[in-house]
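Only one structure is covered here, and it is reproduced in the block below.
Excluded from the calculations below are hydrogen atoms, water molecules and symmetry mates; all remaining heavy atoms, backbone and side chain alike, are included. Read the numbers this way: they start at 1 and go in the same order the structure lists the ligands and their atoms.
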Amino acid sequence: MNVVFAVSELEGLIKTGGLADVARALPLALQDLGQDARVALPYYQVVAEQLPSAAANHSFNFSLHSHTEYKITVHEFNVNDITVYCFDVHGMFNRAGVYGDTYHPYEDNGERFSVFSLAILNFFQYFAEQINFKPEIFHCNDWHTSVLPALIKIDSYWRDSHVKTILSIHNGAYQGIYAKQQLPTLVQRFPSDMFHNDSDHVNFIELGINYSDKIIAVSPNYAQELLTPLGSHHLFDVFNANRDKVTGILNGCDYEDWSSSNDPYLIKNYTVDSIADKVENKLWLQKECGFTPSKDTPLISMVCRLTDQKGLNFLLPIIKQLMLHKVHIAIAGTGDPVYVDQLCKLAKQYTDKLHFEHGYSDKIAHTYIAGADFFLVPSLFEPCGLTQMYSLAYGTLPIVREVGGLKDTVSDLYDINATGVVFVEPNPEALLAAIRKGLLTFHEYPEQFVDIQVRAMNSKFLWLESAQKYLEQYEQLFA
Ligand code: ADP
Ligand code: GLC
């Protein structure tokens with residue numbers, strides 16, 4: 001199967017969250033299954049800095065709207081054994097930021113990603129022979145490439161080509177809603193009945209849901225949630241009208257990247273059989289955070305984008321109560337300035353117990369996950385979530401809310417197959433009770449705690465299995 005994986009992030013080159021992890025792992029796993037999966041990515045400035053010269057360049061012009069000629073150059077690279085086509089679209093991605101310079105998105109993101117989608121279609125139409133690759137599947141991801149399935153419907157070449165489209169929904173809360181006047185390229189192309197005629201706005205993800213051949217949520221539980229009024233991100237009617245197309249496939253965990261036995265970032269590597277060595281990473285992290293290193297003090301960490309999604313509204317109100325316990329808390333991340341500000345203030349107030357690192361790097365993610373006894377993912381919603389899987393792999397018990405993919409991947413302490421702590425209600429009290437439950441087990445039942453760590457480390461979410469399920473979905477479209 002020839003698959004174009006159209007995406008806005010790619011681990012190793014450009015990342016703001018888990019979408020990047022998937023964009024690297026899934027095409028590779030598809031390739032391991034014998035498929036030809038290639039990635040289409042914008043040629044952002046940060047990508048150009050890392051990859052200045054390509055294996056091949058393909059250039060063409062097209063007229064988008066008002067007869068303006070746009071120059072497109074597609075730089076072809078081999079990144080980790082995957083062919084990646086980086087789209088330099090008339091300089092539109094040649095900016096300091098990816099989606100925005102600060103926390104605020106660029107106003108023309110709708111136009112940028114429309115032109116990116118259109119450029120993808122033009123490139124694979126006109127260069128198929130030259131690159132010896134004819135797409136059978138366009139696998140789109142999130143709102144950024146959601147317009148592509150709709151563009152296919154109005155293009156006679158692609159309509160006749162029998163190509164199929166899949167939309168993976170990694171995060172339905174980001175929908176790409178733009179005023180029509182901000183979208184000259186789409187407005188000129190689309191017949192008006194493709195949009196809601198009564199609205200001045202276009203919702204990209206809604207177009208993707210309506211016009212793709214299949215919709216894949218990134219976990220089975222999230223797929224179910226998308227079909228409920230509460231979990232559909234206000235798109236209940238749209239999802240329900242397309243419910244036959246909706247499935248859920250759980251993301252995998254990249255166990256090469258997340259291997260406690262040979263992770264170069266760790267001060268001490270360990271396996272299930274040498275789990276006692278894990279504590280060296282904790283002592284290191286405690287020191288790094290300015291705490292007094294102590295094996296007996298449980299360490300809870302959290303690394304995430306600082307957004308409402310991640311449940312900070314449940315955590316911040318209970319910090320004062322948590323600080324009464326024998327505990328260390330280490331939080332790292334970037335994002336909403338409101339949360340950054342609050343976390344900075346709290347960290348100043350409780351220097352010996354609470355540390356906040358305003359930043360993100362692979363080293364932070366790996367050392368915070370390896371060094372902790374517990375890892376917090378108390379999300380309001382969580383389509384899949386990857387960090388709880390990374391924590392499980394490192395024997396760090398995730399404390400999660402029972403939502404989205406967290407429900408599919410973590411079992412509560414009181415279950416026979418316990419791998420972490422799970423709470424249900426979306427409020428601070430429920431989170432506090434869950435953390436206390438975890439702390440109690442750590443202090444009072446150390447042997448059971450280790451048993452749970454071992455079970456966590458033995459739970460596996462293989463990308464190859466997820467890729468196999470994607471492949472079955474692709475094949476169904478041609479059955
Ligand atoms: P989401 O995609 O919603 O952020 P996931 O758990 O699926 O959540 O994936 C998060 C991924 O992004 C992990 O690899 C994590 O280490 C990384 N990450 C966490 N915070 C940041 C950040 N501020 N910037 C970039 N990547 C981050
Ligand atoms: C999104 C979701 C996250 C998911 C990731 C990768 O950003 O918020 O839950 O794991 O995409 O699919």
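Of all atoms in ligand 2, numbered sequentially from 1 with element shown, those under 4.0 Å from a heavy atom of Val22 are 6 (C), 12 (O). Applying the 4.0 Å criterion to heavy atoms of Gly385 picks out, from ligand 2, the atoms 3 (C), 4 (C), 9 (O), 10 (O). Every atom of ligand 2 with a heavy atom of Val218 under 4.0 Å away is listed here by number and element: 12 (O). With ligand atoms numbered from 1 in the order given, ligand 2 contributes 8 (O) to contacts under 4.0 Å with heavy atoms of Gln309. Per-residue contacts place Glu382 under 4.0 angstrom from the following atoms of ligand 2 (heavy atoms of the residue considered): 2 (C), 3 (C), 8 (O), 9 (O). Shown in contact with Asn251 at under 4.0 Å from a heavy atom are these atoms of ligand 2, numbered in order with element: 6 (C), 10 (O), 12 (O).
Because its NZ or CZ atom is both nearer than 6.0 Å to the ring centre of Tyr414 and within 45° of the ring axis, Lys437 counts as a cation-pi partner of that residue. For the pair Lys460 and Tyr255, the distance from NZ or CZ to the six-membered ring centre is under 6.0 Å and the angle to the ring normal is within 45 degrees.
Ionic pairing of Lys282 and Asp373 is present here: one or more N-O contacts between side-chain nitrogen and carboxylate oxygen are shorter than 4.0 angstrom. Salt bridge present: Asp36 and Arg38 bring a charged side-chain N and a carboxylate O closer than 4.0 Å.
Heavy-atom neighbours of Glu107 CD from other residues, nucleotides or ligands within 6.0 Å: at or below the threshold of 12.
Protein residues are said to neighbour a ligand when one of their heavy atoms lies under 4.0 Å from it; for ligand 1 these are Lys15, Thr16, Gly17, Gly18, Asp21, Cys304, Arg305, Gln309, Lys310, Thr334, Tyr360, Ala365, Glu382, Gly385, Leu386, Thr387, Tyr390.
On a distance-only criterion, Cys384 and ligand 2 share at least one N/O pair closer than 3.5 Å.
Applying the ring-ring contact (aromatic ring centres under 6.0 Å, His included) test to residues at least two apart or on different chains, none of the pairs has a partner in residues 9-28.
Asn313 is listed as a side-chain neighbour of Tyr339, based on a closest heavy-atom distance under 4.5 Å. Between Thr367 and Trp284, some side-chain heavy-atom pair lies under the 4.5 Å cut-off.
Applying the side chain to side chain contact (heavy atoms under 4.5 Å, CB included) test between Phe375 and each of Ile300, Val303, Val400 identifies Val303 as the sole match.
The closest approach between Gly17 and ligand 2 stays at or above 4.0 Å for every heavy atom of the residue.
In terms of protein heavy-atom proximity, atom 2 (C) of ligand 2 is closest to His170 O, 3.1 Å.
Side chain of Glu280 to backbone of Asp277: no donor-acceptor contact under 3.5 angstrom is found.
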